[in-house]
Amino acid sequence: MRPVLDHPWNLSPAEAIALQLDLRKRVDCTDHPLRLGHVAGIDVGFEDGGRTTRAAVVVLDYPGLRLVEQAVARRPTDFPYVPGLLSFRELPAVLEALTRLTVVPDVILCDGQGIAHPRRFGIASHLGVLLDAPTIGVGKTRLCGRHEEPGNEKGAWAPLQDGGEIIGVVLRTRAGVKPVYVSIGHKLSLTSAIRIVLACTPRYRLPETIRQAHRLASQTN
DNA sequence: GCGACAG
DNA sequence: ATCTTGTCGC
């Protein structure tokens, strides 16, 4: 699975913001014919006290959620962590890992926000636009926006709003646990994103895709 | 000027 | 994210 769109990565924070403002015009928040056979998850971890970025991607079959393929890529960390610019720090390694897949997933769940971002262009949207593929943002904490507390049952959710628009939802993936922040990444609707995240979360707080990718990305064996 | 701030 | 052991609770 290779990116269909390319652009420079050695940018200054100001240049990165300018690029986000341009690329965000390409984000598609509508559904497309989707036949879910394989779902992927991506996550990133760090080694050597942060000097090395380690990206992991796993592909599971759907709806069984059995591991079909996995890949890892390491690259020297070259961009600092700046809230709002996470994709410039993590995507280079993620793209390299994705290139090693033989199976092309139908949708990718990302550890981080989609359009629930100050400029509506979080890591999930950035990845989706580069691949021209459906992606979903699943964050463990909030980057921006306001919301009420969702009901305490699995599947309960509350809208995440910012600047008068709904940018995502706060979704309870399991009864009694801290909810996650779900937003559109690219090429699907928020309703579909919620449905897919719940279908990928049979037992734990986080979707199986992201859980397994996280295990691969941050375990220094 | 004072907070907030994905991973 | 990462540095780090045990411990509280179901």
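Chain A is the first sequence line, chain B the second, and so forth, proteins listed ahead of strands; every chain is numbered from 1.
Contact between A:Leu85 and A:Ala16 at its shortest, heavy atoms only, is CD2-CB, 4.0 Å. The minimum heavy-atom distance linking A:Val57 with A:Ala40 is given by the pair CG2-CB, 4.5 Å. The shortest non-hydrogen separation linking A:Tyr62 to A:Ala199 is OH-CB, 3.2 Å. Closest non-hydrogen pair, A:Arg24 versus A:Arg120, comes out as CB-O, 4.4 Å.
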Going 5' to 3' through nucleotides 5-10 of chain C and flagging B where a protein heavy-atom sits under 4.0 Å of the base, S where only the sugar-phosphate is that close, and - otherwise, we get ------
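Taking atom CZ of residue A:Phe79 and atom C1' of nucleotide C:dA1, one finds them 16 Å apart after rounding to whole Å.
In DNA chain B, no stem is built from 3 or more consecutive Watson-Crick or G-U wobble pairs with both distances under 3.5 Å.
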Writing each nucleotide of DNA chain C 5' to 3' as (, ), [, ], | or . by Watson-Crick or G-U pairing under 3.5 Å yields ..........
All N/O donor-acceptor pairs, side-chain side in residues 143-151 of chain A, below 3.5 Å, sequence neighbours left out:
residue: A:His147; atom: NE2; partner: A:Tyr181; partner atom: OH; Å: 2.9
residue: A:Glu149; atom: OE2; partner: A:Arg172; partner atom: NH2; Å: 3.2

Using atom names, set out every protein N or O paired with an N or O of nucleotides 2-7 of chain B below 3.5 Å, distance rounded to 0.1 Å.
residue: B:dA4; atom: O3'; partner: A:Arg142; partner atom: NH2; Å: 3.4
residue: B:dC5; atom: OP1; partner: A:Arg142; partner atom: NH2; Å: 2.2
residue: B:dA6; atom: OP2; partner: A:Tyr81; partner atom: OH; Å: 2.4
residue: B:dA6; atom: O3'; partner: A:Thr141; partner atom: OG1; Å: 3.4
residue: B:dA6; atom: N7; partner: A:Gly84; partner atom: N; Å: 3.1
residue: B:dA6; atom: N6; partner: A:Gly84; partner atom: O; Å: 3.1
residue: B:dA6; atom: N6; partner: A:Leu85; partner atom: N; Å: 3.3
residue: B:dA6; atom: N6; partner: A:Leu86; partner atom: N; Å: 3.1
residue: B:dA6; atom: N6; partner: A:His117; partner atom: NE2; Å: 3.4
residue: B:dA6; atom: N1; partner: A:Ile123; partner atom: N; Å: 3.2
residue: B:dA6; atom: N3; partner: A:Gln113; partner atom: N; Å: 3.2
residue: B:dG7; atom: OP1; partner: A:Lys140; partner atom: N; Å: 2.8
residue: B:dG7; atom: OP2; partner: A:Thr141; partner atom: OG1; Å: 2.8

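Of the candidates A:Gln212, A:Glu69, A:Gln70, A:Leu60 forms a side-chain contact (heavy atoms from CB on, under 4.5 Å) with just one, namely A:Gln212. Put simply, the residue from A:Thr30, A:Asp132, A:Asp28 that forms a side chain to side chain donor-acceptor pair (under 3.5 Å) with A:Lys187 is A:Asp132.
Remark: A:Arg211 qualifies as a cation-pi partner of A:Tyr204 under the 6.0 Å distance and 45° angle criteria applied to the six-membered ring.
Under a 4.0 Å N-O distance rule, the pair A:Glu96/A:Arg100 qualifies as a salt bridge. With respect to the salt-bridge test (charged N to carboxylate O, under 4.0 angstrom), the residues A:Asp43 and A:Arg215 do not qualify.
Residues meeting the side-chain contact (heavy atoms from CB on, under 4.5 Å) test with A:Ser125, sequence neighbours left out: A:Val27, A:Ile115, A:Phe121.
Side-chain rings of A:His7 and A:His126 approach one another, their centers coming within less than 6.0 Å.
Within 4.0 Å (heavy atoms only), A:His126 reaches no atom of the nucleic acid at all.
Residues A:Thr201 and A:Glu208 bring no donor and acceptor atom of their side chains to less than 3.5 Å of each other.
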